Number of protein chains: 2
Amino acid sequence: MGKVDLSACPVCSKSDIVDELAFLDDLKCTIKSYQKNTLIIRQGDICDALYVLTLGSVKTEMITENGNILGIEIIKAPRPLAPAFVFSDNNRFPVNVTSLEEVEIMKIPKAEIMRLMMTNQNFMSSFMTHNANRTQFLTNRLQLLSIKTIKGKLAHFLLENSLEEGKPFEINRNQTGLADFFGVARPSLARSLSEMVQEGLIQINKKEYTVLKTKQLRELLV
Amino acid sequence: MGKVDLSACPVCSKSDIVDELAFLDDLKCTIKSYQKNTLIIRQGDICDALYVLTLGSVKTEMITENGNILGIEIIKAPRPLAPAFVFSDNNRFPVNVTSLEEVEIMKIPKAEIMRLMMTNQNFMSSFMTHNANRTQFLTNRLQLLSIKTIKGKLAHFLLENSLEEGKPFEINRNQTGLADFFGVARPSLARSLSEMVQEGLIQINKKEYTVLKTKQLRELLV
DNA sequence: ATAAAAGTGTAACAATTGTTACACTCTCAG
DNA sequence: CTGAGAGTGTAACAATTGTTACACTTTTAT
């Protein structure tokens with residue numbers, strides 16, 4: 001495993017720590033590799049360090065009490081995993097983390113994070129901003145889940161991803177994944193999708209979606 | 001408005017800033033009062049400062065795109081409001097904040113927060129922990145919403161609040177509020193509740209609930 | 001004390017979604 | 001090239017929840 005490039009990492013990018021040659025050598029951290037499709041972190045595991053995904057991509061998913069899977073998101077390196085939870089009173093991971101390919105994960109002890117925060121204002125600021133953005137992401141998820149109809153969720157999701165009416169865009173999830181993401185049954189999602197296609201609201205070609213009638217799509221949110 | 005007591009405030013309690021006499025005088029902040037039932041902050045408002053509820057109580061609720069209200073929580077002073085969002089890239093409030101009684105709200109500019117964080121390790125640590133706990137709260141809300149049946153949500157919620165089987169506990173929400181909290185229709189919630197009472201799983205007396213059969217309640221989560 | 005407002009219980013019916021099943025297409029590894 | 005597995009389309013039916021309506025009870029304000 002070579003020298004890690006953290007210049008694209010959201011909590012490090014604005015920080016001058018990337019330029020400090022001594023940074024990674026000084027940092028008391030360990031790096032581990034995992035094979036494809038490995039369950040790396042379990043929901044409920046103690047989170048006593050900051051985990052940073054330095055290579056590859058993972059998916060996070062929440063297991064609900066009734067055993068259902070609620071897909072959360074796909075994370076690509078470099079990015080920290082659940083950085084907020086290092087500091088929470090009940091410091092346990094809220095999600096399962098599974099590797100989608102071969103990955104490398106860096107583990108930085110909490111004390112080291114504290115030291116960095118106090119000595120480096122840019123790092124602190126970036127770390128805060130990143131955590132704030134994560135909170136906003138969760139808020140968006142809450143908003144999506146709180147839309148009760150499947151067509152409403154789809155409208156919200158498609159409008160969010162569409163740049164312009166009539167302009168196709170790619171969705172990097174298949175129908176099964178989308179159904180998980182929305183927390184609905186797969187055939188139900190397929191039904192709603194095909195109805196929306198028949199009504200001429202959208203077009204679908206494999207994973208390429210096109211919003212045809214933005215206005216009527218918005219009305220599904222009412 | 002008298003001297004504010006912040007010793008019970010989660011982001012200040014462990015901090016020695018409370019002991020610094022000069023703290024509140026030095027701090028460039030403003031305090032405003034609001035009448036009962038006032039919409040203090042609108043979802044989407046720019047959040048360029050830290051808002052701290054110093055007196056009274058408020059409720060936060062999220063307005064979904066279809067106009068429904070998704071109740072989030074009731075906040076009692078002293079506590080900061082949406083502290084994470086001061087630092088987010090898109091720094092807008094995620095919820096509406098409405099006063100439940102006469103309230104006082106302190107507004108501290110972002111720059112002041114930054115200064116405090118850098119000069120006071122305890123403040124920083126408390127602020128981080130509090131934000132982390134907020135994230136965990138949102139995660140729990142996500143988990144609750146992802147349970148699909150109303151009885152399942154109720155079981156989750158009641159088991160979470162029950163200390164012991166057969167021991168009554170108080171819920172500080174009425175049925176209408178609970179329905180909002182769950183994001184379901186009020187009569188549907190009432191139906192599920194009365195069914196659970198008839199099946200002998202729980203007992204209800206106004207706002208006092210009792211879990212009678214923990215085991216069978218758990219099975220509703222499956 | 002009393003009227004108004006808020007909250008609750010419940011019923012009939014509508015609407016939406018889940019379940020199950022199966023045929024079909026597509027993708028990818030051998 | 002080809003078979004296995006993953007992903008999709010769709011249909012019949014079941015289950016759950018929402019909607020609307022109304023009578024009743026409790027709380028609140030004057």
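None of the values given here were measured: they were computed from a predicted structure. Below, chains carry the letters A, B, ... as their sequence lines are ordered, and counting in each starts from 1.
Taking 4.0 angstrom as the limit, Thr176(A) places none of its side-chain polar atoms (N or O) nearer than this to OP1 or OP2 of dA6(D). At least one side-chain nitrogen or oxygen of Ser188(B) sits closer than 4.0 Å to the OP1 or OP2 atom of dG18(D). One finds no side-chain N or O of Lys206(A) lying less than 4.0 angstrom from the OP1 or OP2 phosphate oxygen of dT25(C). Remark: Gln175(A) is not in phosphate contact with dA6(D), judged by side-chain N or O atoms under 4.0 Å from OP1 or OP2.
Between Glu195(A) atom CD and dT17(C) atom P the separation is 9 Å, expressed in whole Å. Between the C1' atom of dT17(C) and the CG atom of Leu193(A) lies a distance of 14 Å, rounded to the nearest Å. Summarising the geometry, the separation between CZ on Arg173(A) and C1' on dT8(D) is reported as 18 Å, rounded to the nearest angstrom. In this structure, NZ of Lys207(B) is placed 15 Å from C1' of dT25(D), rounded to the nearest angstrom. Going from atom CG of Leu178(A) over to atom P of dG9(D) covers 12 Å, rounded to whole Å. Distance CZ (Arg191(A)) to P (dC13(D)): 14 Å, rounded to an integer number of Å. Straight-line distance from the CG atom of Asn205(A) to the P atom of dC26(C): 11 Å, rounded to whole Å. dG18(C) atom P lies 12 Å from atom CG of Asp180(A), rounded to whole Å.
Listed nucleotides: dA12(C), dA21(C), dA11(C). Nearest to the side chain of Pro187(B): dA11(C). Closest to the side chain of Ala185(A), out of dT19(C), dT10(D), dG18(D), is dT19(C).
Salt-bridge formation is detected for the pair Lys151(A)/Glu199(A): a Lys NZ or Arg NE/NH1/NH2 atom is positioned less than 4.0 Å from an Asp or Glu carboxylate oxygen.
Looking at which nucleotide of DNA chain C each of Ala190(B) and Lys151(A) is closest to, the 5′-most match is held by Ala190(B). Map Leu189(B) and Lys36(B) each onto its nearest nucleotide of DNA chain D; the residue landing nearer the 5' end is Leu189(B).
Cation-pi check for Arg42(A) over Phe93(A) is not met; the charged atom does not lie both under 6.0 angstrom from the ring centroid and within 45 degrees of its normal.
Judged purely by atom type and a 3.5 angstrom limit, Thr139(A) uses its side chain to pair as donor or acceptor with the backbone of Thr135(A). Under a 3.5 Å cut-off, the side chain of Glu208(A) and the backbone N or O of Phe169(A) do not form any donor-acceptor pair.
Residues Phe85(A) and Arg92(A) are not in side-chain contact: their nearest non-hydrogen atoms beyond the backbone lie 4.5 Å or more apart.
Contact of Arg186(B) with dG18(D) (side chain to base): no donor-acceptor pair of N or O atoms is detected under 3.5 Å.
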